[in-house]
Amino acid sequence: MSATDPIIRIADLPDQVGQTVTLSGWVTHLRSSGKIAFIVMRDGTGVLQCVVAKKEVPEAAWEAFGTLTLETSLQVTGVVRADARQAGGVELGVSALAVIGPSALDYPIQPKEHGIDFLLDHRHFWLRTPRQVAIMRIRNEIEQAIHDFFYERGFLRVDTPILTAAIGERAGLFSTEYFDEGNAYLAQTGQLYGEAAAAAFGKIYTFGPTFRAEKSKTRRHLTEFWMIEPEVAFNDTHANMRLQEEFVAFLVRRAVERRRAELEELGRDVSKLEAVQTPFPRVEYGEAVKTLQGKGSAIQWGDDLGAEDEALLVEDYATPIFVCNYPKEAKAFYMKENPDDPRTVLCDDMLAPEGYGEIIGGSQREDDHDKLLARIREEGLPEDAYSWYLDLRKYGTFVHAGFGLGLERTVAWICGSPHIRECIPFPRMMHRLRP
RNA sequence: GGCCGCGUAGCUCAGCUGGUAGAGCAGGUGACUGUUAAUCACCGGGUCACAGGUUCGAGUCCUGUCGCGGUCGCCA
């Protein structure tokens, strides 16, 4: 309770023992034992057992208990009592009870196991359950930590367009009609705009939704996901990786410090997160290929790392690792050629431990106009769409580097979640557009 | 999209070598003053995804379609 929130919430109750309070919420469990009844209610800040004794409440309140069903919204008044048997250490001795909104008898989500398809169809209700509440609080903590990290370091947040002309990477684009301009496409990266902004503001980051029409059915893909893309003028690839490891370690530390209760609700082994310390190991692509061949992988120089390769490579480390300087064929056109080995580009993938795979893709950007133009032509990209991007190399080109962090993948790793679909409030996937 | 698997009550599932549909939970009624996904008794609840085929007979076997999941590729 505060000046701007006069409503008492369940989370406030440990400080209110002995007080009579009125609070509102929804029914999650009902138990009755003749002349004593128990309502377990939630309000988004916590869960509370309310005890209704027939002798101690008005007739109307006792009868109101009889009408309660799962997810009825209600207002209860009573005395806060310390009770060591309860999760939050308190329970409420009810003196009055009023239904705000009744809930139909067929509320679909029960306190038991459900299949994933059913849960996704009922995402609007699934979000009310304790595990989902914990994940969303951790997601929110990470989002806030991202803003704090960059704000404290003097970065400017830049909001890049979602409707764009055909520009970005190779993955599939969602398109929509755009007046007389032909098709517009939903942005699959803000990076190119981020590069323009870096030349204006020095250090920037973007934080926004991105869209990929990839027909991917995996635990690590969504068609709509949130990405954080910093871009720093005059950073080279080494400074870029230092920023990445400092950033990711900051996010993990923040979740462990401020959301330990939620991590424990999820059954997360917090010691694995506490083991995440900088610096993260750097593994050159060429070394990675040799290591993987030594472990029995069929990978050849030039191939991208497969999911199995990533898992094999990461198994020896407790922290995320960088795999750097991939062959240029495996990577996007805008990455800078490696002066020490022109077959490769100055880039890095950050692979999370415990098999969570790639959470960051980063690179130093190609700052030479002619080399960039040649790459655009090699890839068969529409040159006119990239003319403004090429201009950045004509008018005061600059060494710069940046990266993209996938929010849901990061949340999934920190939460120990088996699938990123539960790490965003309303997931969008190839076969799922609602709710 | 490739490969593999699944589809039976509102939910989670069982249903054997083919013989006409089951449990738990949820819901209803009742009992119980300390329960923690309470317990106990009784009750209602089914186009076995859809279409075709084999068979005296198909939830079960075969073919096709649809839906979903897992995995791979692509990437964050």
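We name chains A, B, ... by the order of the sequence lines, and we start the count at 1 in each one.
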Subject >> A:Glu245 side-chain N/O to A:Phe280 backbone N/O, donor-acceptor pair under 3.5 Å >> reply: yes
Original post:
Of all the nucleotides listed (B:rC32, B:rU35, B:rA76), which has the minimum atom distance to the side chain of A:Glu91?
Top reply: B:rU35
Original post:
Are any of A:Arg220's side-chain N or O atoms less than 4.0 Å away from OP1 or OP2 of B:rC72?
Top reply: no
Original post:
Counting side-chain heavy atoms from CB outward, which of B:rC68, B:rG34, B:rA76 is closest to A:Arg81?
Top reply: B:rG34
**OP:** When you get a sec, tell me which of B:rC75, B:rC74, B:rG69 is the closest nucleotide to the side chain of A:Arg212?
**Re:** B:rC75
Subject >> Stacking of A:Phe38 on B:rG34 base (centres under 5.5 Å, planes under 30°) >> reply: no
Subject >> Interatomic distance where CZ belongs to A:Arg428 and C1' belongs to B:rA76 [whole Å] >> reply: 19 Å
Original post:
Which listed nucleotide (B:rC72, B:rG34, B:rC75) is nearest to the side chain of A:Lys217?
Top reply: B:rC72
Original post:
Less than 3.5 Å between a donor and an acceptor, one on the side chain of A:His114 and one on the base of B:rC11, is that the case here?
Top reply: no
Original post:
B:rC68, B:rU35, B:rA76: which one has an atom nearest the side-chain heavy atoms of A:Glu358?
Top reply: B:rA76
Original post:
So which nucleotide from B:rG73, B:rG34, B:rC75 ends up closest to the side chain of A:Glu310?
Top reply: B:rC75
**OP:** Give the nucleotide from the list B:rG73, B:rG69, B:rU33 with an atom nearest to the side chain of A:Lys35.
**Re:** B:rU33
Original post:
Using a cut-off of 4.0 Å on non-hydrogen atoms, how would the nucleic acid contact of A:His419 be classed: base, sugar-phosphate, or nothing?
Top reply: sugar-phosphate
Original post:
For B:rG34, which nucleotide in any strand shown is its Watson-Crick or wobble partner with both distances under 3.5 Å?
Top reply: none
Original post:
Where the side chain of A:Gln49 is defined as all heavy atoms beyond and including C-beta, which of B:rC74, B:rA76, B:rU35 is the nearest nucleotide?
Top reply: B:rU35
**OP:** Could you tell me whether A:Glu308 atom CD has more than 12 heavy atoms of other residues or ligands within 6.0 Å of it?
**Re:** no
**OP:** Please state whether the phosphate of B:rA38, meaning OP1 or OP2, lies under 4.0 angstrom from any side-chain nitrogen or oxygen of A:His29.
**Re:** yes
Subject >> Under 3.5 Å donor-acceptor pair, A:Ser216 side-chain atoms to B:rC74 base atoms >> reply: yes
Original post:
Can you tell me if the side-chain N/O atoms of A:His431 get under 4.0 Å from OP1 or OP2 in B:rC68?
Top reply: yes
**OP:** State which of B:rG34, B:rA38, B:rA76 makes the closest approach to the side chain of A:Glu214.
**Re:** B:rA76
Original post:
Whom does B:rU55 pair with, Watson-Crick or G-U wobble, provided both distances fall under 3.5 Å?
Top reply: none
Original post:
Can you check whether A:Arg31 has a side-chain N or O nearer than 4.0 Å to OP1 or OP2 of B:rA38?
Top reply: yes
Original post:
So which nucleotide does B:rC42 pair with, by the Watson-Crick or G-U wobble rule with both distances under 3.5 Å?
Top reply: B:rG28
Original post:
Of the nucleotides B:rU33, B:rG34, B:rC32, which one has an atom closest to the side chain of A:Lys55?
Top reply: B:rU33
Original post:
So which of residues 101-110 of chain A are in contact with RNA chain B, with a heavy-atom cut-off of under 4.0 Å?
Top reply: A:Leu105, A:Gln110
